[in-house]
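Residue numbers run from 1 in the order of the sequence given.
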Amino acid sequence: MEKSKRQPAVKIAYLKSKLQEKQSDNRQLRQRIKELTISRNHQRKKVKHLRVELEKYSRSAKYGSWIPDSRRISGHKYDLRIVSLCVCLYAFAGCSLRCVNRVLVYLQLEYGIAVTELPCKSSIENWVQKVGLYQYIHVGSDLWEEYCMILDESMVIGQQRMLLVLGACAQKEGAESLRLGEVKVLGFAVKASWRWEGVRDFLQEVQEKVGKKASYVVCDGGCNLKRGVQETGLIRICDVGHEICKWTEQTYKEDERFKAWIKEVTKVRFQVFMKQTAYLMPPKQRTVARFTNLSFVVAWAANMLRVLPGLSEVEKQAFGWLELHKTLIAEFAAVFNMNESILKIIKNEGASVKSLDKSLSICQKYRSQVPQCLIDKITRYLKEEKAKLPKVETIWNASSDVIESLFGKYKYKAASNTLNGITPLVLSLCIYTDTNEDHQQLHQNVKQALETISMQKLAAWKNSNLCENQLVRRRMLFKK
């Protein structure tokens, strides 16, 4: 009886001891699990760090074995030499974005540049935009003691109009007309249309950005530009090319002799096209601002009159009508000789008392060959410009050809579909003006631009300064 009573108690004591042993084992195992977890996390950190180092050295070996610190661009896998080469090929070699990539392929195959993976079109496009935006932001008042602004609105793409302001030294330097390396992009803005109020406000914003008032503004005779400059209180220097072209057009536009001659010139292009006499075809005329390139047509007509006696009968029959306009052609030749002489002096020497007096003497020289009304208009213009000069020794810029050249570079590479409008690649205008001989300044700007201009900052600038791309809008609509 007593033995049967002791058995449950012994069993309970035994089970309690076993429970205590298991609890002790569990505590030890939990502690071990905790230690292993800590060790595992520590090892994971080590593995992650080693993977980063491995990727770093693998990338270094892949993209050029070893990149010196001076050529390393923070946050970018390509070194400064490759990025600068791409930007320069696009800006100064006339290459398109895809052509830059093809040039790199050739250099890799023929000269073994140490890059196994070449940058794509989108990367090159982003680099060009970043460098352009960096240069646009960092143009300040330290460039010149006194500066002038060159203003134009001539770039119209689709429904968008761009107003561009270049800055240059106020005092004309050198014996040639302004070149791209002597100017900087101070500001540009895009709108559907520009009224004089918008021009005025834009010029004030540009002057605030530079930090001081401009000495004068060079622009053509557009009504909105003239009024906008006038309202800012700045002196307006007329662009000599536009002014002389305007006076010539006013003189001959309604002249019946000119209308009859230019009608025959236009008709003969269609008559001799695709014939044996096509090699004598006159130059193509501009539809808008025809008088800006009319000198080429006049030179062609004068040359044709000179060689006409020696031509074949078929060629004489096609171009013999020029004899009827011999007097007008000779008059036009004298007009454009006078105009070219004046333009050469003022564009190269600038607007000064000396150069304007030279131009006035040229007008007097051609008085017997050129209509008096045209002489009077050009003489009045030259005297008005002379009166604007503050001092006798002042030499100011009086030509906006440099801004037309800049527009031409952008339009040459712009998309043919006008629905694109003005794209962010317009920032390349800021790169075109950095044309010093060794491009050392551009080389420094590339590194700083890529390290300081983020894609978010670039996107913010696009949204606040450019109009909506109509081609993208069209594609998104048709995808629905």
*Residues that Trp396 engages under ring pair (Phe, Tyr, Trp, His ring centres under 6.0 Å), provided they are two or more places apart*: Tyr216

*Could you check Leu311 against Leu280 for side-chain contact (heavy atoms from CB on, under 4.5 Å), going step by step and ending with a plain yes or no?*
CA-CA 11 Å; Leu311 297 180; Leu280 296 173; 4.3 Å; yes

*asked:* Minimum heavy-atom separation for Phe202 and Gly187, please, with both atom names.
replied: CZ-C, 3.5 Å

*Are side-chain heavy atoms of Glu264 and Leu324 found at a separation under 4.5 Å?*
no

*asked:* For the backbone of Val190 and the side chain of Asn465, can you confirm whether one donor and one acceptor N or O come within less than 3.5 Å of each other?
replied: no

*Apply salt bridge (Lys or Arg N to Asp or Glu O under 4.0 Å) to Asp357 and list each qualifying residue two or more places apart in sequence or on a separate chain.*
Lys386

*Measuring from Ser400:OG to Leu178:CG, what's the distance to the nearest 0.5 Å?*
10.0 Å

*Enumerate the residue pairs fulfilling salt bridge (Lys or Arg N to Asp or Glu O under 4.0 Å) with a member in residues 451-463, sequence neighbours excluded, ordered by first and then second residue.*
Lys447-Glu451

*asked:* Donor-acceptor pair, distance only, cut-off 3.5 Å: does the side chain of Tyr410 make one with the backbone of Ile422?
replied: no

*Determine yes or no for a side-chain-to-main-chain donor-acceptor pair under 3.5 angstrom, with Asp376 supplying the side chain and Thr379 the backbone.*
no

*In Å, rounded to the nearest 0.5 Å, how long is the span from CD1 of Ile378 to CH2 of Trp247?*
9.5 Å

_Can you confirm whether more than 12 heavy atoms, excluding those of Lys226, are under 6.0 Å from its NZ atom?_
no

*Relative to each other, are the rings of Tyr147 and Trp144 parallel, tilted or perpendicular (30° and 60° limits)?*
parallel

_Under 3.5 Å: donor-acceptor pair, side chain of Trp194, backbone of Met162_ = no

*Spacing of CG belonging to Asn339 relative to CG belonging to Leu374, to within rounding of 0.5 Å*: 6.5 Å

_Heavy-atom closest contact (Lys191 atom, Gly198 atom, distance)_ = NZ-CA, 4.4 Å

*asked:* So, using salt bridge (Lys or Arg N to Asp or Glu O under 4.0 Å) as the criterion, who are the partners of Glu205 when residues are at least two apart?
replied: none

*Is it true that a side-chain atom of Asn397 and a backbone atom of Cys169 form a donor plus acceptor pair closer than 3.5 Å?*
yes

*May I ask you to check whether over 12 heavy atoms, not counting those of Lys354, lie within 6.0 Å of atom NZ?*
no

*Leu389 and Leu356: side-chain contact (heavy atoms from CB on, under 4.5 Å), yes or no, with the steps?*
CA-CA 11 Å; Leu389 301 175; Leu356 293 172; 4.2 Å; yes

_Counterpart residues, salt bridge (Lys or Arg N to Asp or Glu O under 4.0 Å), relative to Glu208 (two or more places apart)_ = none

*salt bridge (Lys or Arg N to Asp or Glu O under 4.0 Å) involving Arg200 - partner list, sequence neighbours excluded*: none

*Mark yes or no for whether Asp220, through its side chain, and His242, through its backbone, hold a donor-acceptor pair below 3.5 Å.*
no

*Does any non-hydrogen side-chain atom of Gln135 lie less than 4.5 Å from one of Val185?*
no

*asked:* Could you work out, with ring pair (Phe, Tyr, Trp, His ring centres under 6.0 Å) as the rule, every residue matching Tyr252, not counting sequence neighbours?
replied: Phe332

*asked:* Test your reading of the model: is there a side-chain donor-acceptor pair from Glu385 to the backbone of Ile237, 3.5 Å cut-off?
replied: no

*Is there any ring pair (Phe, Tyr, Trp, His ring centres under 6.0 Å) pair reaching into residues 341-393, and which pairs are they, with sequence neighbours excluded?*
none

*List for me each residue that meets side-chain hydrogen bond (donor to acceptor under 3.5 Å, both in side chains) alongside Gln171, sequence neighbours excluded, and say none if there are none.*
none

*Has the side chain of Arg98 got a donor or acceptor atom that lies under 3.5 Å from a matching backbone atom of Lys121?*
no

_Listing request: all salt bridge (Lys or Arg N to Asp or Glu O under 4.0 Å) pairs with a residue in residues 328-344, at least two apart in sequence or in separate chains._
Arg257-Glu331

_Please determine whether side-chain contact (heavy atoms from CB on, under 4.5 Å) holds for the pair Thr251 and Asp255, giving the CA-CA distance in whole Å, both sets of side-chain angles, and the decisive distance to 0.1 Å._
CA-CA 8 Å; Thr251 303; Asp255 191 324; over 6 Å; no

_Within-4.5 Å side-chain heavy-atom neighbours: Ile262 and Leu294_ = yes

_Lys391 side chain vs Ile395 backbone, donor-acceptor pair below 3.5 Å_ = no

*Taking only residues two or more places apart in sequence, or in another chain, which ones meet Trp461 in a ring pair (Phe, Tyr, Trp, His ring centres under 6.0 Å)?*
Phe188

*Does any donor atom in the side chain of Asn303 or Arg306 lie under 3.5 Å from an acceptor atom in the other side chain?*
yes

*Glu197/Arg227 under salt bridge (Lys or Arg N to Asp or Glu O under 4.0 Å): CA gap, chis, key distance, verdict*: CA-CA 8 Å; Glu197 298 92 344; Arg227 180 75 183 275; over 6 Å; no

*Set of side-chain hydrogen bond (donor to acceptor under 3.5 Å, both in side chains) partners for Lys347, sequence neighbours left out*: Asp401

*With distance as the sole test, does Thr277 use its side chain to make a donor-acceptor pair with the main-chain N or O of Glu315 at under 3.5 Å?*
no

_To the closest 0.5 Å, what do you measure between SG (Cys430) and CG (Leu406)?_
8.5 Å

